[in-house]
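In this chain, numbering begins with 1 at the start of the sequence shown.
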Amino acid sequence: MAGSAAASDQSLRGSVEAGRDRNGVERILLQNTKGATVEVSCHGGQVVSWKTERGEELLFMGSKAVYKPPPHAVRGGIPICFPQFGTQETLEKRGFAMGRLWIIDRDPPPLPESGMTHVDLLLNPCAVDLKIWPHKFKFHLRVALADDGSLILVSRVRNVCSKPFTFTFAYLAYLAVSDIGEVRVERLETCDYLDNLKGGMRSTEQGISLSFDSEVDRVYVEAEGVIEVLDHERRRTLKIYREGLPDVVVWNPWDKKSKAIADFGKNDYKRMVSVSGAAIEKPIKLKPGEEWMGRLKLTLSLSTRIEESSSRSGCSTLM
């Protein structure tokens, strides 16, 4: 890779370099001073890699993933689902943003992450978008890598048309894990959820933590606080912080359904879990000129709570 993709007013603590993938689409590599990296593609504004300073990949990518030119999306990393996630409207379930070509934003709005190694991207609707979703918008995306290796994504959607519009949204984060059977998701107890395997039936989470032994596809609504994903085998915890993203999507297709996913290899479902910050149950409504912001922060830490979690009772195993 060669060439800086940083905005001119960025105070770099690491490096920002741009190159192109096999389809000629720009990719941006962020690296902090300790050697941690994040790779972002202008295809969908998608984070496709997040590595620790030791080179350990923290995001899952399907072993059979095929990088086709837009509008084809790739399964893995952190796709951006906009202006829809779900089946509330007539659009594709995950919207069209992940299949569009974004551009590097040379004049981004100011954000608190300016002191971090970062890149800014911009999506404007094309003629095809306006035909299927007739609303003009500006979508500013900042992807930042902190000194401690944390990954931050900040989305700002502005209504630039003359009428209000509503949308739903998700950062569909595919997290790499050692084995799905060794994973717990915590901080969702007593939270209501919509079970997509039961037609969206609403239930309340009873367990202290979630473990997995079958398919799960749930939207936890109005989930408060920091969500934690504990990987017992790797003895690490991934903490998920959210602003403007009240809901949390938890998904694993398990063996049967994963066979129908073209990007998934035979046992890929064992190596991933998707735990995503989202705004789904209550669509976001923007009047002309209004702006919405959604912020996601992923932080990795060595697990000091693994033994404590293992000894706690009340785990909810997904049957």
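- No side-chain heavy atom of E228 sits under 4.5 Å from any side-chain heavy atom of I240.
- The aromatic rings of W133 and H135 sit perpendicular, their planes meeting at an angle over 60°, well past the 30° parallel limit.
- Here the CG-CG distance, from L175 to L298, works out to 7.0 Å after rounding to the nearest 0.5 Å.
- Within the model, atoms CD of E233 and OG of S178 stand 4.0 Å from one another, a figure rounded to the nearest 0.5 Å.
- To the nearest 0.5 Å, atoms OG1 (T237) and CZ (R235) are separated by 10.0 Å.
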> Between L141 and L123, does a side chain to side chain contact (heavy atoms under 4.5 Å, CB included) hold up when you go through it step by step?
Replying inline: CA-CA 8 Å; L141 171 67; L123 178 68; over 6 Å; no

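- When the side chains of ILVMFWY residues are joined at heavy-atom separations under 4.5 Å, either directly or via intervening members, F139 and L122 end up in two distinct hydrophobic clusters.
- A continuous path of Ile, Leu, Val, Met, Phe, Trp and Tyr side chains, each step under 4.5 Å between heavy atoms, connects I261 with F85, placing both in one hydrophobic cluster.
- Here the options are Y171, F167, W102, the test is ring pair (Phe, Tyr, Trp, His ring centres under 6.0 Å), and the partner is F82; only F167 passes.
- Between the side chains of N32 and T117, no donor-acceptor pair is found at a separation under 3.5 Å.
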>> side chain to side chain contact (heavy atoms under 4.5 Å, CB included), that's the test. Do E26 and I104 meet it? Break it down for me.
In response: CA-CA 9 Å; E26 283 189 285; I104 294 175; 3.7 Å; yes

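- The two residues C191 and Y220 make their nearest non-hydrogen contact at SG-CB, 3.9 Å.
- When ring centroids are compared, Y269 and F60 stay outside the 6.0 Å threshold.
- Remark: the D105 side chain and the H140 side chain contain an N/O donor-acceptor pair separated by less than 3.5 Å.
- Put simply, the side chain of W50 never gets that close to the backbone of I78: no donor and acceptor are under 3.5 Å apart.
- Residues D217 and D195 fail the side-chain proximity criterion, which asks for heavy atoms closer than 4.5 Å.
- Follow the hydrophobic side-chain contacts under 4.5 Å out from V226 and you never reach L153; the two are in separate clusters.
- Within the 3.5 Å criterion, the main-chain N or O of V25 finds no donor-acceptor partner in the side chain of N23.
- Every pair tested for side chain to side chain donor-acceptor pair (under 3.5 Å) that includes a residue from residues 238-253 fails, sequence neighbours excluded, so the list is empty.
- Heavy atoms only, all atoms of each residue included: L59 and G77 are closest at CD1-CA, 4.1 Å.
- Using a 4.5 Å cut-off on side-chain heavy atoms (C-beta onward), R75 and F264 make contact.
- The pair E205-R218 meets the salt-bridge criterion, since a charged nitrogen lies less than 4.0 angstrom from a carboxylate oxygen.
- Side-chain atoms of S274 come within 3.5 Å of backbone atoms of A173 as a donor-acceptor pair (strictly under, hydrogens ignored).
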>> Between E290 and R158, is the salt bridge (Lys or Arg N to Asp or Glu O under 4.0 Å) condition met? List the steps.
In response: CA-CA 6 Å; E290 287 187 334; R158 178 174 290 275; over 6 Å; no

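- Counting only heavy atoms from C-beta outward, the side chains of D231 and V229 never approach each other to under 4.5 Å.
- Separation of atoms CD (Q46) and OG (S41) is listed at 7.0 Å; rounding is to 0.5 Å.
- Atom CD of E57 has more than 12 heavy atoms from other residues, nucleotides or ligands within 6.0 Å.
- In this structure, E222 and K282 have side chains that are in contact, with non-hydrogen atoms separated by less than 4.5 Å.
- One N or O on the side chain of D268 and one on the backbone of S63 form a donor-acceptor pair closer than 3.5 Å.
- M98 and I28 are members of different hydrophobic clusters when ILVMFWY side chains are connected at heavy-atom separations under 4.5 Å.
- E56 has no carboxylate O lying under 4.0 Å from a charged side-chain N of K51, or vice versa, which leaves the two without a salt bridge.
- Between the NE2 atom in H232 and the OG atom in S211 there is a gap of 9.0 Å [rounded to 0.5 Å].
- Under a 4.0 Å N-O distance rule, the pair D179/K270 does not qualify as a salt bridge.
- In plain terms, the two heavy atoms of F169 and L245 that are nearest each other are CD2-CD2, 3.8 Å.
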> So L188 and L210, side chain to side chain contact (heavy atoms under 4.5 Å, CB included) or not? Walk me through it.
Replying inline: CA-CA 8 Å; L188 291 172; L210 301 177; 3.9 Å; yes

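- For S155 (side chain) and G294 (main-chain N/O), no donor-acceptor pair under 3.5 Å exists by modelled atom type.
- D263 has no carboxylate O lying under 4.0 Å from a charged side-chain N of K64, or vice versa, which leaves the two without a salt bridge.
- Here the CG atom belonging to D255 is positioned 10.0 Å from the NZ atom belonging to K266, to the nearest 0.5 angstrom.
- For the side chain to side chain donor-acceptor pair (under 3.5 Å) test, residues two or more places apart in sequence or in another chain that qualify with D147 are R13.
- Across every non-hydrogen atom of V143 and L151, the tightest pair is CG1-CD1, 3.9 Å.
- With contacts defined as side-chain heavy-atom distances shorter than 4.5 Å, the pair C42/L121 qualifies.
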> Could you walk me through whether D120 and R106 pass the side chain to side chain contact (heavy atoms under 4.5 Å, CB included) check?
Replying inline: CA-CA 7 Å; D120 291 284; R106 305 293 180 181; over 6 Å; no

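- W254 and V250 fall within a single hydrophobic cluster, where Ile, Leu, Val, Met, Phe, Trp and Tyr are joined by side-chain heavy atoms under 4.5 Å apart, directly or via other members.
- Using a 4.5 Å heavy-atom cutoff, the side chains of E39 and T37 are not in contact.
- When every heavy atom of E281 is checked against every heavy atom of P283, the shortest pair comes out as O-CD, 3.3 Å.
- Annotation for P164 and N159: closest pair CA-ND2, 3.7 Å, computed over non-hydrogen atoms.
- The closest side-chain heavy-atom distance from F137 to P125 is below 4.5 Å.
- For residues 122-138, every residue pair satisfying the salt bridge (charged side-chain N to carboxylate O under 4.0 Å, His left out) rule, not counting sequence neighbours, is listed here: R100-D129.
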